[in-house]
Q: 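Got a structure for you, questions after.
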Amino acid sequence: MSVKSRIPLILLACGSFNPITNMHMRLFELARDHLHQTGLETMAYGISFSCCHNSFRCPSVQRGKRQGRYQVIEGIMSPVNDDYRKKGLVSARHRIAMAKLALETSDWIRVDPWETEQESWTETVKVLRHHYNELQSKKEFMKNKQPTERSTENFLSSQCSALPELKLLCGADFLQTFQTPNLWKKEHIQEILEQFGLVCISRAGSDPAQYINESELLTKFQHNIFLVKEWIQNEISSTQIRYALSRGLSVKYLIPDSVIAYIAYHNIYTEESEQKNEGDLLQPLKLHNTAM
Amino acid sequence: MSVKSRIPLILLACGSFNPITNMHMRLFELARDHLHQTGRYQVIEGIMSPVNDDYRKKGLVSARHRIAMAKLALETSDWIRVDPWETEQESWTETVKVLRHHYNELQSKKEFMKNKQPTERSTENFLSSQCSALPELKLLCGADFLQTFQTPNLWKKEHIQEILEQFGLVCISRAGSDPAQYINESELLTKFQHNIFLVKEWIQNEISSTQIRYALSRGLSVKYLIPDSVIAYIAYHNIYTEESEQKNEGDLLQPLKLHNTAM
């Protein structure tokens, strides 16, 4: 199946990235591979997909979602605002800089500072809406422009009227957080699942299908939750990285050398930095408590 | 304790390195941190020794490539190097002999260095110091390695003893596994447990070379699991394919073949 007839897709990952690790970047690679490969079974059965418009009501596109025949054109890493108040969260300035260094060797993933530039913490659904709006604006702008090298612009300027789909990339633990009281608004979860969709990476041995099964809402939109299995155990937790760094232990080969050098030069992770926001309530919880 | 009064130590890791992964290199870093924290050792060098093609493991690609990939991967390390000696021998070499070889090399260098000026390199600094102690040479391995001592006909008992007694092991295990158990179940291991250093890896990082080869043969990404330079090398030489994975299929591992013949 030609690349042009696939549905263009953009992956967005939200998180602390405190600091970015090889695992964060691996999530993107895994997701892309999965979404690219899930079209093959469909082709084997000879079902043709000439339709490529982005409608939830189109039956052929429904089939496409289940089997997938996507072209992942971009990955966006969106570090959270300092106002999130997570314990040990260092300045966004540093987290953005480290992500930029780490992503230097990637030709499709980039870091976006929008969230960190807002006055306060932004709910995830709003980050998705923002990036989707950006996509739409770019599409309007590109309609009359010449195609260039960049994939995103190629798709946006093509004859096809479909906008890329924007999906939230996450780990299986993310699915679980939907159950944490007061962390999410129900209507937000629904919008994320219905209007956007999730690409959820889980480790061998865990079964996210379980969380989906236990939730009415998740079950309703399961067709828009892509489960990707990570067979290569690669649990590089940022918390463990910070712990090792504050003790002078090596993290080489777990995060890029350029990021290690940056951290050392700016002396970012110390016992002191780990105490930041100690005792504070996470901003989303604070907001919801105030509302009540 | 000052750096000079610590016992100098060299880590040697034997394996297929087919291909080298970030996890292999992480083992060295973990071991060094652990030994430094005991306060007794100064790790001055790490040696990666890829196994000879004659080992006959399924899917083992040419040593030429495995050495080249390890060299690329270790470019950014200032203390770990890859040594081709094993791969240059006519046939597969038993682990204890690899250890003996590198220890002999150490002794020869010591003699040579006695009258030389100290230079930048750590190893030479120690070898040329007034101290008459030779560095200790220890075998770096994963916990699964300890288990292989129990595999029938894979090891000669006297070799296990020599490895433990004359050299020693630095054994990295993952959170959740307990190598102390294997030691406890073996009389020999228990006897020399003072010379087995157990290091816990808290950050789960099980990048298996087998999984890497599998991913590569299917055109899946392994970026961030092995260095970019190694990925480029593999692509350029088209090293890992369905065909390469079939190499030595059905053959007996060389150590098992040798011991069966002896019987």
Side-chain angles (χ1 to χ4, degrees), chain A residues 20-38 40 72 75 77 102-109 171 201 203-206 228-245 247-261, chain B residues 11 20-37 43 46 48 73-80 142 172 174-177 199-232:
Chain A
I20 191 169
T21 72
N22 285 348
M23 187 201 74
H24 291 132
M25 298 183 285
R26 173 106 185 108
L27 294 185
F28 278 90
E29 299 283 317
L30 273 165
R32 180 169 74 158
D33 278 346
H34 178 91
L35 292 162
H36 282 183
Q37 293 216 318
T38 50
L40 298 178
V72 178
M77 209 175 265
L103 293 170
E104 254 167 8
T105 67
S106 178
D107 61 2
W108 69 285
I109 312 167
I201 319 287
R203 67 189 75 109
S206 90
V228 183
K229 212 59 172 272
E230 160 69 298
W231 297 106
I232 298 173
Q233 296 266 49
N234 194 27
E235 314 280 328
I236 306 174
S237 110
S238 293
T239 306
Q240 298 272 15
I241 296 289
R242 296 196 307 274
Y243 179 78
L245 286 166
R247 285 189 154 208
L249 302 176
S250 165
V251 295
K252 195 167 164 72
Y253 311 117
L254 298 174
I255 73 181
D257 284 349
S258 52
V259 180
I260 297 176
Chain B
L11 293 165
I20 191 168
T21 71
N22 285 347
M23 186 201 74
H24 292 131
M25 298 181 287
R26 173 104 185 109
L27 295 186
F28 278 90
E29 298 284 316
L30 273 165
R32 181 170 72 158
D33 279 344
H34 177 91
L35 292 162
H36 283 182
Q37 293 205 316
V43 178
M48 210 175 264
L74 292 170
E75 254 167 10
T76 67
S77 178
D78 61 1
W79 68 284
I80 312 166
I172 319 287
R174 66 189 75 111
S177 90
V199 183
K200 211 58 170 279
E201 161 67 299
W202 297 107
I203 298 174
Q204 296 266 51
N205 195 28
E206 312 282 326
I207 306 174
S208 110
S209 293
T210 306
Q211 298 270 17
I212 297 288
R213 296 196 306 273
Y214 178 77
L216 287 167
S217 66
R218 284 189 155 208
L220 303 176
S221 164
V222 294
K223 194 168 165 72
Y224 311 117
L225 298 174
I226 72 181
D228 285 349
S229 52
V230 180
I231 296 176

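Chain letters run A, B, ... following the sequence lines, proteins first, then strands; residues in each count from 1.
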Q: Tell me, please, which residues at least two apart from His36(B) pass side chain to side chain contact (heavy atoms under 4.5 Å, CB included).
A: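 Testing His36(B) for side chain to side chain contact (heavy atoms under 4.5 Å, CB included), a comparison that skips the adjacent residues, returns Arg6(B), Arg32(B), Gln42(B), Val43(B).
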Q: Heavy-atom distance under 4.5 Å to chain A: side chain of Leu225(B), backbone, both or neither?
A: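 Only the side chain of Leu225(B) comes within 4.5 Å of chain A.
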Q: Please name all residues satisfying side chain to side chain contact (heavy atoms under 4.5 Å, CB included) with Lys229(A), sequence neighbours left out, ordered by chain then number.
A: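 If we apply the side chain to side chain contact (heavy atoms under 4.5 Å, CB included) test to Lys229(A), skipping adjacent residues, the hits are Ser202(A), Trp231(A).
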Q: Provide the closest heavy-atom pair for Tyr253(A) versus Ile80(B) in the form atom of the first, atom of the second, distance.
A: OH-CD1, 4.4 Å
Q: I'd like to know which of Ile236(A), Val251(A), Leu249(A), Ile255(A) tops the heavy-atom pair count under 4.5 Å against chain B.
A: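 That would be Leu249(A).
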Q: What are the two closest heavy atoms between Arg26(B) and Lys252(A), and how far apart are they?
A: CD-O, 4.1 Å
Q: Quick check for you: to the nearest 0.5 Å, what is the distance between Ile260(A) atom CD1 and Thr76(B) atom OG1?
A: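 That separation rounds to 8.5 Å.
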Q: Taking the side chain as every heavy atom from C-beta outward, state whether Arg218(B) and Asp33(A) have any pair of such atoms under 4.5 Å apart.
A: no
